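Notes to accompany the following structure.
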2 protein chains.
Amino acid sequence: MRDIAKAVGVEAPSLYNHIKSKQEILAELLMDIADEFITGMGEVERMDAKHQAKVEALIGLHVRISFIKRDAISLLTHDWRQLKEPTLTEFVQIRQDYEDRFLRIIKMGIEEDEFKDIHPDVALFSLLSTLRWLHVRYGKKDILSIEEMTLQLKRALMGGVLKN
Amino acid sequence: MRDIAKAVGVEAPSLYNHIKSKQEILAELLMDIADEFITGMGEVERMDAKHQAKVEALIGLHVRISFIKRDAISLLTHDWRQLKEPTLTEFVQIRQDYEDRFLRIIKMGIEEDEFKDIHPDVALFSLLSTLRWLHVRYGKKDILSIEEMTLQLKRALMGGVLKN
DNA sequence: CCTACCGATCGGTAGG
DNA sequence: CCTACCGATCGGTAGG
């Protein structure tokens, strides 16, 4: 809080004229960014397209948000653990909802023979862990543009590394 | 430190008869587990095999260590940021060394036409971010055995999700 | 191995 | 918006 106050140019106690608690700031930032993902997921689900295109659209969604809101993303990946009840439970439910909907797309892709017969949870886990670490990648030097990164990730994640 | 003391069954100050500082515990745990990865990498590099087999062996390495040393792995992924100098620099170098050697295998696989012509850094990033989050996956209910998980991850990461 | 305790940090309140 | 300050926490030391 003292750091925030310094950045804003006031004394620490003055912050409390604008906010209720440190928790409140964290919760608000987290819910905002979580909303963007949920909204994006809704748009993808309404797409009239193959499941491959939907998963690729979700890859694009993560790349875009990770690029534009680097800092908030890092909250989403790490700092949500600092939330206290009841916000923690609320957040975990939203997150679970997102994962469930992602998983459903993968399962349908497998059923309809678009995707390989791999363990759907493992596929989801593999996709999401890469997508959730993107903000770290963007912390480094050789920055790829949003378009390049999206293209490369689609190739790597959808098609794997092996030739054939 | 008070939590550790309670778990061990002594008062907090008594810990300092056995250790020098909190930092020392963290550094020691981190260096131990980092060593296991560096040793594993050395063995993989000495394999007389295709680059595909080497990457698959590294997947196996991560799955095994993540399964057996869940707690230490979480230090490696998250808590190393708490290290102070000079140990921090030392750790970052070891980590960089590991990534460089992993990257070299990927690049050689691409050169020798075993792997697709994808951006090597993106491929490494994608593989490593999945492998580094494994300990979270193991925190959940439906646990796959080491063998099953290794098999599934090889398929998902090497071959991707798409049929064909 | 313990008791006693320190100094720094931190989220936050009182009162103006 | 500020000054003054509290109570809890935490890594660690002194001294036995």
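All values reported here derive from a predicted model rather than from experimental measurement. First the proteins, then the strands, lettered A, B, ... as listed; each starts at 1. We use all heavy atoms of the structure for the numbers below, so side chains are in, but hydrogens, waters and symmetry mates are not.
- Ion pairing between D97(A) and R101(A) holds under the 4.0 Å rule for side-chain N and carboxylate O.
- dG12(C) atom C1' lies 11 Å from atom NZ of K84(A), rounded to whole Å.
- Taking the ring centre of F67(B) as origin, the terminal cationic atom of R70(B) falls inside the region bounded by 6.0 Å and 45° from the ring axis.
- Contact check on E90(A) versus K84(A) returns no salt bridge, with no Lys/Arg side-chain nitrogen under 4.0 Å from an Asp/Glu carboxylate oxygen.
- If you measure from atom CD of Q23(A) to atom C1' of dC10(C), you get 14 Å, rounded to the nearest angstrom.
- Taking only side-chain atoms of Y16(B), from C-beta outward, the nucleotide of dC10(C), dG11(D), dA14(D) with the closest atom is dG11(D).
- Atom-to-atom, CD of E11(B) to P of dT13(D) comes out at 17 Å; the value is rounded to the nearest Å.
- Taking a pair as Watson-Crick or G-U wobble with both distances under 3.5 Å, the runs of three or more consecutive pairs in DNA chain D are C:1-16 with D:1-16.
- With salt bridges taken as basic N to acidic carboxylate O contacts below 4.0 Å, none links K50(A) and E112(A).
- Closest contact between the side chain of S14(A) and the listed nucleotides dC1(D), dT3(C), dT13(C) involves dC1(D).
- Contact check for L29(B) versus I33(B): no side-chain heavy atoms found under the 4.5 Å cut-off.
- Atom CZ in R2(A) sits about 11 Å away from atom C1' in dC5(D), given to the nearest Å.
- Residues R132(B) and E99(B) are paired through a salt bridge, judged by an N-O separation under 4.0 Å between the basic side chain and the carboxylate.
- If you check dT3(D), dC1(D), dG12(C) against the side chain of N17(A), the one that comes closest is dC1(D).
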